[in-house]
Amino acid sequence: MRFAPSPTGSLHIGGARTALFNYLFARAGGGRLVLRLEDTDFERHIPGAEEGIIQSLRWLGIDWDEGPDVGGPYGPYRQSERLDIYRREAGRLLAAGLAYKCYCTPEELAAEREKARKAGRAPRYNGRCRELTEAEQAAKAAAGMKFALRLKVPATGQTVVEDLIHGPVVFENATLDDFIIMKSNGVPTYNFACVVDDATMGITHVIRAEEHLSNTPKQILIFRALGYALPVYAHVPMILAPDRAKLSKRHGATGVEEFRAQGYLPEALFNYLALLGWSPGDEREILSREEIIRDFSLTAVSKHAAIYDLQKLTWLNSQYMNALPLERLLELALPFFKAAELVGETLVPGEREYVLRVLETVRSRARTLVELADMACYFFRDDFTYDPKGVQKFFTAPGVPELLRAGKETLARVENFGLAETEAAYRELIAARGISGGMLIHPTRLALTGRTVGPGLFDIIVLLGKERCLERLEKAAAWIEENAVRK
RNA sequence: GGCCCCAUGGUCAAGUGGACUAAGACACCGGUCUUUCAAGCCGGUAACCCGGGUUCGAAUCCCGGUGGGGUCACCA
């Protein structure tokens, strides 16, 4: 099987899901997966797109057995490097009389189409050049006119696509026209290059998005003309944006790279994408790569398009954030921590252990790595500000600075700075003052973190350590006095 | 518009003629836990597009509507 993107942009989740299904099918059935770049349109070619696509696929954990970057016995794997192969195959068709030269200009054809559209007819090529005599052809060639190659399509009969997901899909040949297989610049069109490659690369299964279903009869006709055996087709349903339309840039972040930047985990996206159009048939939703590979089957793929749901992806992401080994989470989170300048380029001795402890206490609250870095912020930096709403709520009562200093003194006296010890000390202070726990705990959290929400207070206290707690409590007390916060 | 595909809650999705008084998940709502916020746990609202057939029996099969999507390039 193969995944064949064109380097005209970044990999969006629709393409990623198609790649994923190819990958799953290959790995489940012991087949080979080949990555092929369809880069015959040099005008839409975007420099760097190929690298971006490869990077996105690898980040997701999808790998392939043959491709432009890893080589293989059927290379090259970029269509732009296979032009001689297409020309050779096209030459065969021409010689066999299965294709012919068309001297019509793009302008003429566009005019024809416009006329057909106005007349309410389907725009079809009229086959004008099909019956050109030798003499007429020679004349046009002598005049230096450029030509494209068209395939002779039978005017009658049917072409049937035997699709693994949809079953047989029948197309009337009469609805097709003599389409172009080689452009006048000597470059093949998509359908032709695709077929030649699938045939010469030994592709047995073509798994692609349903938008290609209507191309398939044309490709089958080319296969037959060339005399190659047909692959098995499976057209997977499309992924639609929440407005039910095909994915496009106006739908915001739909690229794999963007999800990555927003702090989604490859494990979560992999799992989510697999669930879009496929299910194991039971109630399991959180599945490992191995489970998915083991249970995946094309016949279990649904027929209808799916609308992706960011909320469910986010939920899955949070599930993975909580279930992954801490070491793995650290690896994934580190780039985000570095970007937020919570840690430096390299971790100083002991820092790794500290970060792991932070992750452990914070991760159940974060749904993405971006949120994680944000929530971990005050464990690494002192330069936070106090949440204004929190200030209103917890810093305005009279006596708060004094209370915070009392808390400071209390903590200062704790010998063994552990969870039980610090809490016991604080509870004692609360009891001695005859106040409710919240009256001390909330201002303390705000003083220590700048926030009103977060992990349990004593988890924070212990993790920050005595020294920083005392500093921050004093700093907050002074801040309140300086800023004369009053109700 | 022609051709093609599709149709179970807002979304993903189980279901392949009787086990359907239609699973499960996300989201939403309520409760519980609690120093806050999450997480967790418990519970709730919510669906077979419509109309005809076939059948003892239809979410499931057939036909027709309707709706949604895709595609109609010397793009891929």
Side-chain angles (χ1 to χ4, degrees), chain A residues 4-8 38-41 43-44 79 102 104-106 109-110 113 116-117 120-124 146-150 161 163 165-166 169-172 174-177 179-191 193-194 209-217 235 237-238 240 242 244-246 272 275-286 302-316 318-319 321-322 362-367 371 375 390 394 423 426-427 430 436-442 444-446 449 451-458:
Chain A
S6 68
T8 54
E38 311 219 319
D39 58 348
T40 54
D41 184 358
E43 282 182 19
R44 289 206 309 156
Q79 292 189 330
C102 172
C104 300
T105 65
L109 295 170
R113 269 199 302 277
R117 176 187 299 276
R121 285 180 293 111
R124 289 181 77 243
K146 294 200 159 201
F147 63 86
L149 246 42
R150 287 182 186 271
V161 180
D163 191 281
I165 293 170
H166 295 278
V169 181
V170 180
F171 293 86
E172 295 293 335
T175 62
L176 271 24
D177 63 0
F179 56 91
I180 291 175
I181 56 176
M182 289 293 275
K183 305 185 233 177
S184 56
N185 61 2
V187 175
T189 56
Y190 161 73
N191 282 314
C194 188
E210 197 187 316
E211 57 185 320
H212 289 291
L213 186 52
S214 54
N215 275 322
T216 309
H235 288 91
M238 304 194 49
L240 268 22
R244 299 198 153 276
K246 202 172 158 178
Y272 180 71
L275 253 22
L276 228 42
W278 174 80
S279 110
D282 53 37
E283 292 181 8
R284 288 173 299 152
E285 298 236 287
I286 298 177
S302 67
K303 296 178 177 171
H304 59 273
I307 297 166
Y308 79 91
D309 180 12
L310 195 59
Q311 284 184 313
K312 184 145 184 179
L313 203 213
T314 305
W315 169 80
L316 247 186
S318 69
Q319 294 294 310
M321 298 228 327
N322 277 294
V362 160
R363 67 166 164 179
S364 76
R365 265 154 277 258
R367 298 175 306 170
E371 285 182 7
M375 289 173 178
F394 303 122
E423 173 152 16
Y426 241 50
R427 295 288 175 201
I430 288 163
S436 71
M439 285 180 73
L440 176 61
I441 284 170
H442 294 311
T444 302
R445 173 180 285 106
L446 188 58
T449 71
R451 309 193 181 196
T452 58
V453 300
L457 180 64
F458 301 101

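What you see is a predicted model, and the numbers here were worked out from it, not measured in a lab.
- Taking atom P on both nucleotides, B:G40 is separated from B:C49 by 32 Å, rounded to a whole Å.
- Pair check for B:G2 finds B:U71; Watson-Crick or G-U wobble, both atom distances under 3.5 Å.
- Counting non-hydrogen atoms under 4.0 angstrom, A:H235 reaches nothing in the nucleic acid.
- Rounded to whole Å, the P atom of B:G18 lies 16 Å from the corresponding atom of B:C62.
- Judged by distance alone, with hydrogens and angles left aside, A:T189 brings no side-chain donor or acceptor close enough to the base of B:C74 to form a pair under 3.5 Å.
- When the nucleotides B:U35, B:A25, B:A76 are ranked by their closest atom to the side chain of A:R44, B:A76 comes out on top.
- Comparing atom distances between the A:E285 side chain and each of B:C5, B:G24, B:U11 picks out B:G24 as nearest.
- Between A:K183 and B:A73 there is no side-chain N or O to OP1 or OP2 distance below 4.0 Å.
- Across all strands, A:T452 comes closer than 4.0 Å to base atoms (heavy-atom distances).
- A:K146 comes within contact range of no nucleotide atom at all, as no heavy-atom separation falls under 4.0 Å.
- Side-chain nitrogen and oxygen atoms of A:T40 include at least one within less than 4.0 Å of the OP1 or OP2 phosphate oxygen of B:A76.
- Using C1' as the reference atom, B:U36 and B:A27 are 24 Å apart when rounded to the nearest Å.
- With distances taken from any side-chain atom of A:V453 to the nucleotides B:U36, B:C74, B:G69, the minimum falls on B:U36.
- B:U11 is paired with B:A25 under the Watson-Crick or G-U wobble criterion, all donor-acceptor distances under 3.5 Å.
- Residue A:P106 places its side chain closer to B:C74 than to any other of B:A23, B:C74, B:C12.
- Residue A:S302 is in sugar-phosphate contact alone, with no base atom involved, counting any heavy-atom pair closer than 4.0 Å across all strands shown.
- Across all strands, A:G454 comes closer than 4.0 Å to base atoms (heavy-atom distances).
- Under 3.5 Å, the side chain of A:D282 and the base of B:A14 form no donor-acceptor pair of N or O atoms.
- Taking 4.0 angstrom as the limit, A:H212 places none of its side-chain polar atoms (N or O) nearer than this to OP1 or OP2 of B:C5.
- At a threshold of 4.0 angstrom between heavy atoms, the contacts of A:Q311 are confined to the sugar-phosphate backbone, with no base atom among them.
- One finds a side-chain N or O of A:Q319 lying less than 4.0 angstrom from the OP1 or OP2 phosphate oxygen of B:G40.
- Side chains of A:P217 and A:V161 form a contact here, defined as non-hydrogen atoms less than 4.5 Å apart.
- Between A:E210 and A:K303, no side-chain nitrogen of the basic residue sits less than 4.0 Å from a carboxylate oxygen of the acidic one, so the salt-bridge criterion is not met.
- As rounded to the nearest Å, B:G17 and B:C61 have C1' atoms that lie 8 Å from one another.
- Which of B:U71, B:A25, B:U8 sits closest to the side chain of A:K312 comes down to B:A25.
- In terms of polar N and O atoms assigned as donor or acceptor, the side chain of A:R445 comes within less than 3.5 Å of the base of B:U35 in a complementary pairing.
- Nucleotides B:C26 and B:U71, compared at atom C1', are 32 Å apart to the nearest Å.
- Closest of all the heavy-atom pairs between A:F458 and A:R427 is CE1-NH2, 4.4 Å.
- Note on A:V187: nothing from the nucleic acid sits closer than 4.0 angstrom, heavy atoms only.
- Phosphate contact (OP1/OP2 of B:U36, side-chain N/O of A:R365, threshold under 4.0 Å): absent.
- Base pairing of B:G57 is not made with any nucleotide, judged by Watson-Crick or G-U wobble geometry with both donor-acceptor distances under 3.5 Å.
- For the P atom pair drawn from B:G51 and B:A38, the interatomic distance equals 44 Å after rounding to whole Å.
- Using a 4.0 Å cut-off between charged nitrogen and carboxylate oxygen, A:R363 and A:E371 do not count as a salt-bridge pair.
- At a threshold of 4.5 Å between non-hydrogen side-chain atoms, the residues A:R124 and A:F179 do not count as touching.
- Distance check on atom C1': B:A14 versus B:A47 gives 13 Å, rounded to whole Å.
- With a 4.5 Å cut-off on side-chain heavy atoms, A:Y190 and A:S6 do not count as touching.
- In the displayed structure, A:K146 atom NZ is contacted under 6.0 Å by at most 12 heavy atoms of other residues, nucleotides or ligands.
- Residue-level contact check: A:P455 touches the bases, meaning some heavy atom is under 4.0 Å from a base atom.
- Taking atom C1' in both B:G31 and B:G68, one finds a spacing of 39 Å when rounded to whole Å.
- A:Y426 and A:T444 form a side-chain donor-acceptor contact under 3.5 Å, judged by distance and modelled atom types alone.
- The side chain of A:R244 places no N or O atom within less than 4.0 Å of a non-bridging phosphate oxygen (OP1 or OP2) of B:G67.
- Residue A:S279 has a polar side-chain atom (N or O) positioned under 4.0 Å from OP1 or OP2 of B:A14.
- As judged by a 4.0 angstrom heavy-atom cut-off over every strand, A:L213 is placed among residues touching the sugar-phosphate backbone only.
- Closest approach to the A:V169 side chain among B:A76, B:U71, B:C5 is made by B:C5 (side chain taken as heavy atoms from C-beta onward).
- Using Watson-Crick or G-U wobble geometry with both donor-acceptor distances under 3.5 Å, B:G17 finds no partner in any strand shown.
- For the pair A:N185 and A:T175, nearest-nucleotide mapping onto RNA chain B gives the more 5' position to A:T175.
- Nucleic acid contact for A:F171: sugar-phosphate only, since backbone atoms but no base atoms lie under 4.0 Å from a heavy atom of the residue.
- The separation between A:D309 atom CG and B:G9 atom P is 15 Å, rounded to whole Å.
- Each of A:F458 and A:I165 was assigned the nucleotide of RNA chain B with the nearest heavy atom; the assignment lying further toward the 5' end belongs to A:I165.
- Heavy-atom neighbours of A:R367 CZ from other residues, nucleotides or ligands within 6.0 Å: at or below the threshold of 12.
- A:G277 comes within 4.0 angstrom of sugar-phosphate atoms only, judged by non-hydrogen atoms across all strands, and of no base.
- Nucleotide B:A38: unpaired (no Watson-Crick or G-U wobble partner with both distances less than 3.5 Å).
- At a threshold of 4.0 angstrom between heavy atoms, the contacts of A:S436 with the nucleic acid are absent.
- Between B:C75, B:U35, B:C74, one nucleotide has an atom nearer to the side chain of A:D41 than all others, and that is B:C75.
- A:E371 comes within contact range of no nucleotide atom at all, as no heavy-atom separation falls under 4.0 Å.
- Contacts of A:R113 with the nucleic acid, taken as non-hydrogen atoms under 4.0 Å apart, involve only primed sugar atoms and P, OP1 or OP2.
- Side-chain N/O atoms of A:K303 include none lying less than 4.0 angstrom from OP1 or OP2 on B:A13.
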